[in-house]
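The structure under discussion appears below in the form of structure tokens.
Computed from a prediction, not measured in an experiment: that's the story for all the values here.
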Amino acid sequence: MQSENKTNNSSTIEMEPINTNNITLDTLSLPVLKAAKINLHVLRLDKIHPLISGNKWYKLRYYLQAALKEQKTILTFGGAWSNHIAATAAACKLFGLNAIGIIRGEEPAHYSATLQAAATCGMQLHFIPRAQYAAKEIPSCINTNAVYHIPEGGYGEMGVKGAATLVDGLCLTPYTHFCCASGTGTMAAGIVRVINSKQKLLAFSVLKGHHSLLKNIKELSRMEADNIMLDEGFHFGGYAKKNNVLIDFMNQFYAETSIPSDFVYTAKLFYGILARIQAGYFPEGSNILAIHSGGLQGNQSIEKGTLIF
């Protein structure tokens with residue numbers, strides 16, 4: 001079912017530009033790091049844009065380039081709180097492309113903040129039943145010849161190619177370990193392409209029971225690499241699941257580092273890294289680079305006042 005935009009006219013929206021100059025490399029100073037004699041840096045990709053945030057810009061960039069060349073409407077898939085939907089809608093608004101979002105589930109009476117933002121950016125929203133969504137069916141009312149399809153989450157070769165550029169300009173030599181949150185595995189596959197065989201990538205899965213994720217990362221990377229590890233111990237119940245332990249951690253982590261996190265991806269990443277450090281997983285003297293992949297817009301689904309940032 002196609003929605004009518006339940007927000008202001010998209011022509012009134014002033015879209016901020018993407019600014020990669022805002023990216024910082026934050027050095028953390030926490031007691032657990034000092035005790036373990038480990039260095040931990042955070043690449044703050046969350047700072048480049050409010051909606052086209054973190055790894056989303058990098059995974060989208062080559063898809064957008066191709067769609068602009070063909071001058072086609074972009075079509076993609078996502079849920080009601082999808083970072084990918086929010087980022088794609090904003091990017092299409094910024095670059096003057098039309099966009100269609102296929103949204104999982106029945107159309108709600110009240111849109112999430114994510115869907116409101118997407119609609120305000122001009123994205124046409126089509127809601128389909130979950131079974132059809134799982135099959136990635138495109139509604140018959142859409143002319144598939146006139147659209148450029150971006151897979152959910154930017155999954156695919158162009159997404160990996162873009163993700164490989166997220167550390168451009170950064171000296172990678174000092175790092176022994178790279179850590180990221182992982183859903184589709186696209187970002188992790190991109191990182192594997194640019195690190196050397198002696199450096200290790202530890203991907204923290206945010207999905208429960210997705211045991212083929214490591215295989216997907218290796219296949220996407222197109223590298224014969226044995227330096228990829230997948231940690232499935234910190235999903236907190238599955239995708240977008242959370243509990244009071246995770247929420248309390250998000251607040252404590254912000255109070256100690258001034259770094260905001262989201263409960264879907266980055267909070268689980270930072271929680272997992274610090275837990276593994278405390279458990280002695282990383283050797284003394286390790287230099288770790290953690291990728292902050294953005295996604296902060298999803299925190300709007302949490303009751304106001306729950307988070308201190």
>> Looking at Gln199, is its backbone amide N or carbonyl O close enough to the side chain of Asn227 to form a donor-acceptor pair, meaning the two atoms are under 3.5 Å apart?
In response: yes
> Mind checking whether Ile277 and Leu43 sit in one hydrophobic cluster, side chains of I, L, V, M, F, W, Y counted as touching below 4.5 Å?
Replying inline: no
>> For Thr306 versus Asn251, what's the shortest heavy-atom pair and its separation?
In response: O-ND2, 3.1 Å
> More than 12 foreign heavy atoms under 6.0 Å from NZ of Lys72: is that the case here?
Replying inline: yes
>> Quick one: does any side-chain atom of Ser286 pair with a main-chain N or O of Ile288 as donor and acceptor, under 3.5 Å?
In response: no
> Same cluster or not: are Tyr265 and Ile273 linked, directly or through other Ile, Leu, Val, Met, Phe, Trp or Tyr residues, by side-chain heavy atoms under 4.5 angstrom apart?
Replying inline: yes
>> Can you confirm whether the side chains of Gln71 and Tyr148 place a donor and an acceptor under 3.5 Å from each other?
In response: no
> Looking at side-chain heavy atoms only, is the closest gap between Phe236 and Val245 below 4.5 Å?
Replying inline: yes
> Looking only at heavy atoms, what is the nearest atom pair of Asn83 and Gly298, with distance?
Replying inline: OD1-N, 4.1 Å
>> Just to verify, which of Phe204, Phe249, Phe263 counts as forming a ring pair (Phe, Tyr, Trp, His ring centres under 6.0 Å) with Tyr271?
In response: Phe249
> Met187 and Ile217: same hydrophobic cluster, using ILVMFWY side-chain contacts below 4.5 Å?
Replying inline: yes
>> Does Asn19, at its CG atom, have more than 12 non-hydrogen atoms belonging to other residues, nucleotides or ligands within less than 6.0 Å?
In response: yes
> Looking at Ala188 and Ala203, what are the two nearest heavy atoms and their distance?
Replying inline: CB-CB, 4.3 Å
>> Exactly one of Leu269, Thr266, Leu45 should register a side-chain contact (heavy atoms from CB on, under 4.5 Å) with Ile291. Which one does?
In response: Leu45
> Relative to Phe234, does Lys268 satisfy both conditions: NZ or CZ under 6.0 angstrom from the six-membered ring centre, and within 45 degrees of the ring's axis?
Replying inline: no
> Just how far is it from atom CG of Leu289 to atom CG of Leu170, taken to the nearest 0.5 Å?
Replying inline: 6.0 Å
> So, the side chain of His292 versus the backbone of Pro260: is there a donor-acceptor pair under 3.5 Å, distance only?
Replying inline: yes
> Less than 4.5 Å apart, any side-chain heavy atom of Lys218 and any of Met223?
Replying inline: no
>> Between Gln297 and Thr114, do the side chains contain a donor N or O and an acceptor N or O under 3.5 Å apart?
In response: yes
> Got a donor-acceptor contact below 3.5 angstrom from the Thr24 side chain to the Arg44 backbone?
Replying inline: no
>> I'd like to know if the side chain of Thr76 and the backbone of Ile150 have a donor-acceptor N/O pair within less than 3.5 Å.
In response: yes
>> Between Tyr239 and Val264, is there a side-chain heavy-atom distance shorter than 4.5 Å?
In response: yes
> Can you tell if the side chain of Leu213 reaches within under 4.5 Å of the side chain of Ser182, non-hydrogen atoms only?
Replying inline: yes
>> One thing to verify: whether Lys208 and Glu232 come together as a salt bridge, which I'm taking to mean a side-chain N less than 4.0 angstrom from a carboxylate O.
In response: no
>> Strictly below 4.0 Å, N to O, side chains only: are Glu224 and Arg193 in salt-bridge contact?
In response: no
> What is the minimum heavy-atom distance between Cys180 and Leu201, and which atoms define it?
Replying inline: SG-CD1, 4.2 Å
>> Would you say CG of Asn143 has more than 12 non-hydrogen atoms from neighbouring residues, nucleotides or ligands within 6.0 angstrom?
In response: yes
> Hey, is NZ on Lys136 packed in by over 12 heavy atoms from elsewhere, all under 6.0 Å?
Replying inline: yes
>> Would the distance check show the side chain of Lys59 and the main-chain N or O of Gly153 forming a donor-acceptor pair, the cut-off being under 3.5 Å?
In response: yes
>> Can you give me the closest heavy-atom contact between Leu40 and Leu274, atom names plus distance?
In response: CD2-CD2, 4.2 Å
>> Using a 3.5 Å distance criterion without hydrogens, assess whether the side chain of Thr257 forms a donor-acceptor pair with backbone atoms of Ile259.
In response: yes
>> Before you tell me yes or no, could you show the steps for Phe77 and His84 under ring-ring contact (aromatic ring centres under 6.0 Å, His included), namely the whole-Å CA-CA distance, both residues' side-chain angles and the distance that decides it to 0.1 Å?
In response: CA-CA 8 Å; Phe77 292 79; His84 175 68; 9.4 Å; no
>> Given 3.5 Å as the limit, does a donor-acceptor pair link the side chain of Ser53 with the main chain of Pro50, or not?
In response: no
> What are the two closest non-hydrogen atoms of Phe270 and Ala290, and how far apart are they?
Replying inline: CE2-CB, 4.1 Å
>> Between His41 and Tyr175, is there a side-chain donor-acceptor contact under 3.5 Å, judged purely by atom types and distance?
In response: yes
> Does Met250 reach the side chain of Leu307, with side-chain heavy atoms less than 4.5 Å apart?
Replying inline: yes
>> If you take the centroid of each ring, where Trp contributes its six-membered ring, are Phe127 and Tyr111 closer together than 6.0 Å?
In response: yes
> Does Thr165 use its side chain to pair, donor to acceptor, with the backbone of Asp168 at less than 3.5 Å?
Replying inline: no
>> As a quick check of understanding, evaluate side chain to side chain contact (heavy atoms under 4.5 Å, CB included) for Glu157 and Arg222, giving each step before the final call.
In response: CA-CA 9 Å; Glu157 171 57 25; Arg222 297 185 180 176; 3.5 Å; yes
>> If you apply the rule side chain to side chain contact (heavy atoms under 4.5 Å, CB included), what do you find for Asn98 with Ile74, and how did you get there?
In response: CA-CA 6 Å; Asn98 293 324; Ile74 281 180; over 6 Å; no
>> Would you compute the distance between atom CG of Leu230 and atom NE2 of His210 and round it to the nearest 0.5 angstrom?
In response: 9.0 Å
> Out of curiosity, Ile138 CD1 to His149 NE2, how far, rounded to the nearest 0.5 Å?
Replying inline: 6.0 Å
> Near Gln278 CD, under 6.0 Å, is it more than 12 heavy atoms from other residues, nucleotides or ligands?
Replying inline: no
> side chain to side chain contact (heavy atoms under 4.5 Å, CB included) between Ile100 and His126: does it pass, once the steps are laid out?
Replying inline: CA-CA 8 Å; Ile100 297 172; His126 294 256; 3.6 Å; yes
> With side chains defined as the heavy atoms from C-beta onward, is the minimum distance between Val42 and Leu25 less than 4.5 Å?
Replying inline: no
> Between Val194 and Leu166, is a side chain to side chain contact (heavy atoms under 4.5 Å, CB included) present by the stated rule, with each step listed?
Replying inline: CA-CA 10 Å; Val194 296; Leu166 61 79; over 6 Å; no
> Roughly how far apart are Gln116 CD and Gln300 CD, rounded to 0.5 Å?
Replying inline: 9.0 Å
> Considering only heavy atoms from C-beta outward, does the side chain of Phe309 approach that of Asn299 to under 4.5 Å?
Replying inline: yes
>> So if I apply the side-chain hydrogen bond (donor to acceptor under 3.5 Å, both in side chains) rule between Asn39 and each of Thr27, Thr176, Asn287, which one comes out positive?
In response: Asn287
> Do Thr20 and Tyr58 come within less than 4.5 Å of each other through their side chains, counting heavy atoms only?
Replying inline: yes
> Are Ile302 and Leu51 connected, step by step, through hydrophobic side chains (Ile, Leu, Val, Met, Phe, Trp, Tyr) whose heavy atoms are closer than 4.5 Å?
Replying inline: no
>> Main chain of Ile85, side chain of Ser82: is a donor-acceptor contact present, judged purely on distance under 3.5 Å?
In response: yes
> Can you tell me how far CZ of Arg130 sits from CD1 of Ile128, rounded to the nearest 0.5 angstrom?
Replying inline: 11.0 Å
>> Hydrophobic clusters here meaning ILVMFWY residues chained together by side-chain heavy-atom distances under 4.5 Å, can you tell me if Tyr62 and Val192 are in one?
In response: yes
>> To the closest 0.5 Å, what do you measure between NZ (Lys241) and CG (Leu246)?
In response: 13.5 Å
